[in-house]
Participant: 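Supplied in structure tokens, the structure appears directly below.
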Amino acid sequence: METGTRVDIHRHAAECPACRALLVAAVRSEGVPSDAPLESSWLGGRMQVLGGSWKPPTEVDEFRLVRLLGRGGMGAVYLAHDTSLDRHVALKLSIALQPDTHTLESFAVEARAIARIKHPNVVTVFRAGEVQGRPYLVYEYVDGKSLAELRLPLPWRYVLDIAVGLARGLCAAHQRGVLHRDLKPGNAILDTDGTVKLLDFGLAAFVEAELRMPRAAPGVAGTPRYLAPELWSGAEATPQSDLYALGLLLYELCTGGLPRTPGPLSRMPGALEPLGRCGALVERVPGMDPEFAQAIERCLAEDPQQRFTRAEVLCGVLERLRAPGADPAFAAPRPEHGARPWGAQNML
Ligand SMILES: Nc1ncnc2c1ncn2[C@@H]1O[C@H](COP(=O)(O)OP(=O)(O)OP(=O)(O)O)[C@@H](O)[C@H]1O
């Protein structure tokens, strides 16, 4: 199918729930390879065709590529040296065989989304550019580990610290009209000071800030393992679908696993085991604050209406639970700003 036609279809589907549901059903039954990775970002049933023999240049404008940090669904991320400002940065480059409209749009969306947010729990973007016809983005380099690289489970008190940072970052995004749509452990980095930062807004969608209503986003997007159930049925992404993904992420940090195992992609969401069978979080994590467990479980409600109404509300609950006065035993050994000594000694 011509790229222009596909874009027109997506635009129409974005405004028309009936066609969107039809497209989602078609993608579920035909377009999704049943062996597609459940952990990788995915947009409207397509994944990027990577650039075979194409080798990235060693210099991209004033940035000298130092080493590969990792590859994702949308491109490769390099540690780079900014030769004009003499500092390290992270440079994400599309390595698609031929970057199409989707790729270009996704880079542009990511740059604008992050630039709009500007928050200590969201990675900063410095530059958007193009090299050899491929888009690239330059971000602050976060020296640390993504949450996907940590040895799980983590102590629940430490997860609470991380949860506060993630909820603050998400709250800032939603307040500025940005839905992340791809929250997962690989898209959050814990730096050496114990500050967690959200990354990878390549699938973000903008929300009409005044109305607090989601503007329709094109097609199903996200990482299959972390998609809210309603998205599989063609519903639009909302702040509640981001909260569901955040709930899953926190559940995984506390227990080392997900509350349920997704089946083959082509049979989603029917292949999702009901959450009820997995047992309450407090039973899986001995000693866990029941209010924290409840907050995570509320994010995971099957019905989006039963989740928190806004990220701010979740943020308020988590901040209260972590407040030094709330539990002296918990507050005493902790540093002022997060969990630095624990993180530094145990994970980084
Ligand atoms: N600003 C940054 N500073 C340091 N490391 C980064 C930065 N941005 C991304 N990374 C690292 O680069 C790697 C690739 O990131 P990217 O977000 O593209 O892929 P991913 O999240 O693994 O995959 P997917 O595209 O499927 O979501 C990850 O290991 C990530 O931790």
Side-chain angles (χ1 to χ4, degrees), residues 32-33 35-51 56 60 63 65-82 85 87-96 99 102-103 105-107 109-111 113-115 117-128 134-150 162 165-166 169 179-204 220-227 242 245-246 248-249 252 262 265 347-348:
V32 186
D35 58 350
L38 293 165
E39 302 77 15
S40 295
S41 303
W42 178 74
L43 176 61
R46 65 182 266 295
M47 300 192 76
Q48 236 181 161
V49 180
L50 300 184
V60 172
F63 307 101
L65 303 193
V66 177
R67 68 180 163 86
L68 184 68
L69 291 171
R71 265 171 221 262
M74 298 293 158
V77 181
Y78 296 87
L79 171 66
H81 188 71
D82 179 339
L85 297 178
R87 63 176 175 181
H88 279 338
V89 292
L91 188 146
K92 178 159 156 182
L93 180 62
S94 165
I95 47 166
H102 279 296
T103 312
E105 251 176 37
S106 145
F107 272 70
V109 163
E110 172 154 22
I114 300 180
I117 299 167
K118 206 165 173 284
H119 187 272
N121 295 111
V122 174
V123 73
T124 306
V125 68
F126 295 141
R127 164 92 79 93
R134 288 173 168 79
Y136 73 84
L137 294 178
V138 180
Y139 316 86
E140 69 173 298
Y141 169 63
V142 185
D143 186 12
K145 276 189 178 175
S146 93
L147 300 183
E149 294 172 279
L150 304 182
I162 294 177
L166 292 175
L179 299 177
H180 188 287
R181 298 207 305 171
D182 199 16
L183 286 172
K184 58 178 176 179
N187 285 342
I189 282 201
L190 196 58
D191 74 13
T192 45
D193 289 336
T195 304
V196 68
K197 290 185 187 253
L198 289 173
L199 307 169
D200 209 346
F201 282 72
L203 300 183
V220 181
T223 297
R225 269 176 96 118
Y226 298 90
L227 276 188
D242 271 355
L246 178 59
L248 272 187
L249 184 163
E252 194 171 3
L265 268 184
M347 298 188 314
L348 301 174

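Whatever order the structure lists them in is the order used to number ligands and atoms, beginning at 1.
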Participant: Tell me whether Lys92 is salt-bridged to Asp200, with the criterion being a basic N under 4.0 Å from an acidic carboxylate O.
Facilitator: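 Salt bridge: yes.
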Participant: Ignoring hydrogens and geometry, is there a side-chain-to-backbone donor-acceptor pair from Lys197 to Pro120 under 3.5 Å?
Facilitator: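 Side chain of Lys197 to backbone of Pro120: a pair is present.
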Participant: Within a distance under 4.0 Å of any heavy atom of Gly186, pick out the atoms of ligand 1 and give their elements.
Facilitator: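 By the 4.0 Å cutoff, the relevant atoms are 21 (O).
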Participant: So, is Lys184 polar-close to ligand 1, with some N/O to N/O distance under 3.5 Å?
Facilitator: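 Yes, since at least one N or O of Lys184 sits under 3.5 Å from an N or O of ligand 1.
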Participant: Relative to the heavy atoms of Val77, which atoms of ligand 1 are at a distance of less than 4.0 Å?
Facilitator: 8 (N), 9 (C), 10 (N), 12 (O), 14 (C), 15 (O), 18 (O)
Participant: With Arg87 as the cation and Phe126 as the aromatic partner, state whether NZ or CZ is under 6.0 Å from the six-membered ring centre and within 45° of the axis.
Facilitator: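 Judged by the rule (NZ or CZ under 6.0 Å from the ring centre, within 45° of its axis), Arg87 counts as positioned above Phe126.
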Participant: Measure from atom 4 (C) of ligand 1 to every heavy atom in Leu93, Asp200, Val142 and give the option owning the shortest one.
Facilitator: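 Closest candidate by heavy-atom distance is Val142.
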Participant: Does any non-hydrogen side-chain atom of Leu150 lie less than 4.5 Å from one of Leu190?
Facilitator: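 Touching, per the 4.5 Å side-chain cut-off.
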Participant: Test side chain to side chain contact (heavy atoms under 4.5 Å, CB included) on Phe107 and Leu137 and set out the steps.
Facilitator: CA-CA 7 Å; Phe107 272 70; Leu137 294 178; 3.7 Å; yes
Participant: Could you list the atoms of ligand 1 found under 4.0 angstrom from a heavy atom of Ser146?
Facilitator: 31 (O)
Participant: Is any side-chain heavy atom of Thr124 closer than 4.5 Å to one of Ile114?
Facilitator: no
Participant: Tell me which part of Glu140 gets within contact of ligand 1: side chain, backbone, both or neither, using heavy atoms under 4.0 Å.
Facilitator: backbone
Participant: At a 4.0 Å threshold, what atoms of ligand 1 neighbour a non-hydrogen atom of Val123?
Facilitator: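 Answer for ligand 1: 1 (N).
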Participant: Working note: Val122 + Phe201, criterion side chain to side chain contact (heavy atoms under 4.5 Å, CB included); need CA distance, chi angles, decisive distance, verdict.
Facilitator: CA-CA 10 Å; Val122 174; Phe201 282 72; 3.9 Å; yes
Participant: Please work out whether any backbone atom (N, CA, C, O) or any side-chain heavy atom from C-beta onward of Leu79 is under 4.0 Å from ligand 1, and answer side chain, backbone, both or neither.
Facilitator: neither
Participant: Show which atoms of ligand 1 fall inside a sub-4.0 Å distance from at least one heavy-atom site of Tyr141.
Facilitator: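 With Tyr141 as reference, the close atoms of ligand 1 come out as 3 (N), 4 (C).
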Participant: Do ligand 1 and Asn187 have nitrogen or oxygen atoms that lie under 3.5 Å from each other?
Facilitator: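 Yes, Asn187 has an N/O under 3.5 Å of an N/O on ligand 1.
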